[in-house]
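Structure first, commentary second.
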Amino acid sequence: MDPGGASRRSSRSAETWRGHIIQQLKHRDRIQSAMFRDLIRFYTGLLEKTSLTKGFLSGSGRPPAESCARSSLQQLKKTTGELAYKVWELQQQITVKECDLQELQTRLQKEGGRLAEASEAKRALRDEVEQVRQKNKTLKAAYDALLQRQREAESKLREEKEKEERVLEDMMHQKKQAAARMNHRNERRSRARQATVQKQLQTAARSKVIVDSSPSTPTSRSTSPKPEDQDKSGGRGATRLFRSASASSPRFFSSIREMFDRKRRGHSVRSLEEDLPFPVGICLSARVPVRPLQVLEAHEQGINAVRFSFGSDLLATGGTDRVIKLWDVRAGSLTHRATLDGSTEGITCVEFDHTGRRILAASHNKSALLWRLDDSVPKVTLTGHSRKVTAARFTCVPHQVVTGSTDRTVRLWDLNRAACVQQGEVASFCSDLVCSDSRIISGHFDCKIRVWDSRTVSCVQELPSQGRVTSLDLSSDRRQLLSCCRDDCLQLLDLRWTNDRMCFRADGFKCGGDSTKAVISPDGCYLAAGSADGAVYIWNVSTGGLEARLPDQHSSSITAVSWSLSGEHFVSVDRSRRAVLWSDI
Amino acid sequence: MADDKDVLRDVWFGRIPTCFTLNPDEVTEREAEAYYLLLPRVSYLPVVTDKVKKHFLKVMRPEDVEEMWFEYEGTPLKWHYPIGVLFDLHASNTVLPWNITVHFKNFPDQDLLHCPSNSIVEAHFMSSIKEADSLKHKSQVVNDMQKKDHKQLWMGLQNDKFDQFWAMNRKLMEYPTEDGGFRYIPFRIYQTLSDRPFIQKLFRPVSPDCNAHTLGDLLKEMYPDALTNDGEQKRYQVLIHGIEPLLETPLQWLSEHLSHPDNFLHICVVPVPTD
């Protein structure tokens, strides 16, 4: 109910008449109804009670029934009214609730729509997830396979590494052992050397010394021990001179002079005696050996080479047992003097140098070794050949060595540097070598003898031979070349007129092996060689026929023979370790 | 506004304490006692006097009972007026309770209408409402309402249900805002001494120059004697629902809030008591 009327709202009198009316109404009610309300209520209550009791007392049914019916009618009417009102109210509520319901339904629809969308999205995402999972699985499988392979490879690597380590360890261990052995041997030797040197010093300090006027040309080789040290490498030579020179002053001056001389010559520092060219003795006549003076088992195994020294008092034998034994030749017997070891395989060839102080040997272990007579340890080892060295010789140039080997090379070595200076290639195995001044002559398996220029190591000449050359030997005057061939013939060649040849044969003479050695007698009249039947055959050069045959001393084939430079002694060695000293006395 | 609601409630629940006494001329078996009752102002006598009738019928013989009618100090009370109007008109300044005499015989046919049942009262009530609405809204609102709504109005009144009644009645109190009020105000002015029963004329709530008419304007127009001129003594009381509203009270508001359930504004003009 809209009050309307702008005047009402604005004027102050609006409140006045309204308030007046309200006040009036309240006043009226107070006077007219409030006072009587309770009274009339109680009155009607009492009246009803009395009427009821009256009704009970009177016992008449009609008035109460009537009144009951009337009252019930009234009641029904009231209830109808009330119910109608309630109906209206409920209808209002229903409309309101229907509105709400409508709203809720629209919202529900919206939510339903959103839910559908969300579930769609979820399905799509699930599919994606599945795909990705699949990919992951395949990747993982591939990765696993790769991992497995890698592990296997790693384990293999580890095994290999372990094997490598073990192999390395073994090798090192062995090397250590070898080194220890070497060290031990060296120590022993050095100690022995020191002891001998001490002894020598003592004896030298006590003994008298023969002094030469010119120390550069000694006529005979003195066998007494030298007053100076010959020990160790040459670097200490000068100091030692000073030390020992306190014994006698003239010697002292000569030593200093020699030192300066040597310096002028431009050689490296070495022991004096080694540098001096040693004149070789000349044999006037050789004597044909007739009977054995001594037979002995010289080595543990077969003997391959034998050589007298230039002074005819030392004999060197070398064999398969890897050592060189030095023998003193005195009064018709051989006495063992020293053993030189240090070669790791058998010795094929032995040679003394001019001074007789050094021994050069060629060995199976592809190297040539050089000893000083007082050392049992090789001073120099010349390695470089690829196969066994069959021959090693001193050249006429000092400190130079030439070796021939089955590796088809001939090498020239410098002893000071222990290095190969030059090398000559040949088509065939070299079995033996000899050196004359500025010339090297080698014999080969291809039945050729080659002459080399020692400076350029180039083949100058090729000489044919009867068969495979097993050994060569030069006569003392360097004119005759003796070659022993595998087809049991000896050939003597004149070096100047190479067409002049003589061939020597004999019944029963058979060349025992590929390295059987034959020699010319020191006076050049006789040839000697050992045969496979164990007999020594000696030919006369001038007659060309067999001079003598010396059987029954050897049981196996003779490998090498040697005539002493004095012509008195002859030694033959064989495969069964036997060495026989012959003479004609 | 909350005050308006209180006004409506106070108007609806207005009560008059009444004492009903049987006419001594009536033949009774026993002596009839007086019956006291609080009568609602807004209702009609036949609707609320069932208990009275029941009470007095207990002492009477059935063959003596005819249609009940009421009388106050010799004046038969018209049942088709609201009870409040009757009281204000006849006994407004008397000592309470209101003494009414109950008659069962000698119905005054010239003065009163017969009322055999409540449906007559209902018909009268509904016709009043329609008449009022025809003045207010050219009968549009009441015709839009359904039968059950009319029934609800009557039931609300009969059973004294304020909410039930006003749920429907407020529709009848609405008006389009641009008009500023009803088309015409339904009112009746009752006078104590007059040959006319009441004054009812067409009267607009809002003046042509958009001023709201007041009660004073209405009285000036319809019954100028009721108004007190300056300098004069007050001769008449203008009562609505037993109270005297100020003359500057807007008529539209009065029609909305102080109308009787039949949507009429019943105004009683009584002379001022001289004592």
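Proteins get letters first, then strands, A, B, ... in listed order; numbering begins at 1 in each.
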Apply salt bridge (Lys or Arg N to Asp or Glu O under 4.0 Å) to the pair A:R70 and B:D50, showing each step before the final yes or no.
CA-CA 9 Å; A:R70 225 173 280 151; B:D50 280 340; over 6 Å; no

Steps toward side-chain contact (heavy atoms from CB on, under 4.5 Å) verdict (B:R15, A:F36):
CA-CA 9 Å; B:R15 295 282 189 266; A:F36 295 90; over 6 Å; no

Candidate pair B:I243 and A:H27, rule side-chain contact (heavy atoms from CB on, under 4.5 Å), full reasoning
CA-CA 9 Å; B:I243 61 168; A:H27 181 69; over 6 Å; no

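Across B:L57, B:D160, B:I16, B:D163, the residue that shares the most heavy-atom pairs under 4.5 angstrom with chain A is B:D163. The candidate from B:Q158, B:E33, B:R41, B:K171 with the greatest count of non-hydrogen atom pairs under 4.5 Å with chain A is B:R41. Contact tally against chain A (heavy-atom pairs below 4.5 Å) for B:Q152, B:K151, B:M155: the top residue is B:Q152. When each of A:M35, A:K77, A:E82 is scored by its heavy-atom pairs under 4.5 Å with chain B, the top score falls to A:E82. Among B:G156, B:A34, B:P205, the residue with the largest count of heavy-atom pairs under 4.5 Å with chain A is B:A34.
Enclosure of atom NZ in A:K78 is not indicated, since only 12 or fewer non-hydrogen atoms of other residues, nucleotides or ligands lie within 6.0 angstrom. Counting heavy atoms of neighbouring residues, nucleotides and ligands inside a 6.0 Å radius, atom CD of A:Q23 does not exceed 12 of them. The local environment of CD in B:E31 is sparse, with at most 12 non-hydrogen atoms from other residues, nucleotides or ligands closer than 6.0 Å. No more than 12 heavy atoms of other residues, nucleotides or ligands shown are found within 6.0 angstrom of NZ on B:K220. At most 12 heavy atoms of other shown residues, nucleotides or ligands fall within 6.0 angstrom of atom NZ in A:K161. Applying the 6.0 Å contact sphere to CD of A:Q150 captures more than 12 heavy atoms from other residues, nucleotides or ligands.
Counting only heavy atoms from C-beta outward, the side chains of B:D10 and A:D29 approach each other to under 4.5 Å. For the pair A:Y85/B:K161, no side-chain contact is recorded, criterion being any heavy-atom separation below 4.5 Å from C-beta on.
Atom CG in B:L258 sits 5.5 Å away from atom CD1 in A:I21 (nearest 0.5 Å). In this structure, NZ in B:K148 is found 5.0 Å from CD in A:Q91, a value given to the nearest 0.5 Å. Put simply, OG1 on A:T50 and NZ on B:K58 are 6.5 Å apart, with the number rounded to the nearest 0.5 Å.
Looking at A:R41, there are no atoms closer than 4.5 Å to chain B (heavy atoms on both sides), in backbone or side chain. Contact annotation for B:R9: neither backbone nor side-chain heavy atoms come within less than 4.5 Å of a heavy atom of chain A. Residue contact with chain B, scored on non-hydrogen atoms closer than 4.5 Å, is absent for A:E89. Proximity to chain B (any heavy atom under 4.5 Å) is shown, for A:L39, by neither the backbone nor the side chain.
Taking both residues in full, the closest heavy atoms of B:E244 and A:H20 are given as O-NE2, 2.8 Å, listed atom of the first, atom of the second, then distance. Contact record, A:T44 with B:Y36: CG2-O, 4.1 Å, taken as the closest heavy-atom pair. B:Y35 approaches A:Y43 most closely through the heavy-atom pair CA-OH, 3.3 Å. B:N159 and A:G81 get closest at one heavy-atom pair: ND2-CA, 3.7 Å. Across all their heavy atoms, A:R18 and B:D4 have their closest contact at NH1-OD1, 2.6 Å. Smallest separation of non-hydrogen atoms from A:W17 and B:L246: CA-CD1, 3.5 Å.
Using a distance-only test at 3.5 Å, with no hydrogens or angles considered, a donor-acceptor pair links the side chain of A:R28 to the main chain of B:H241.
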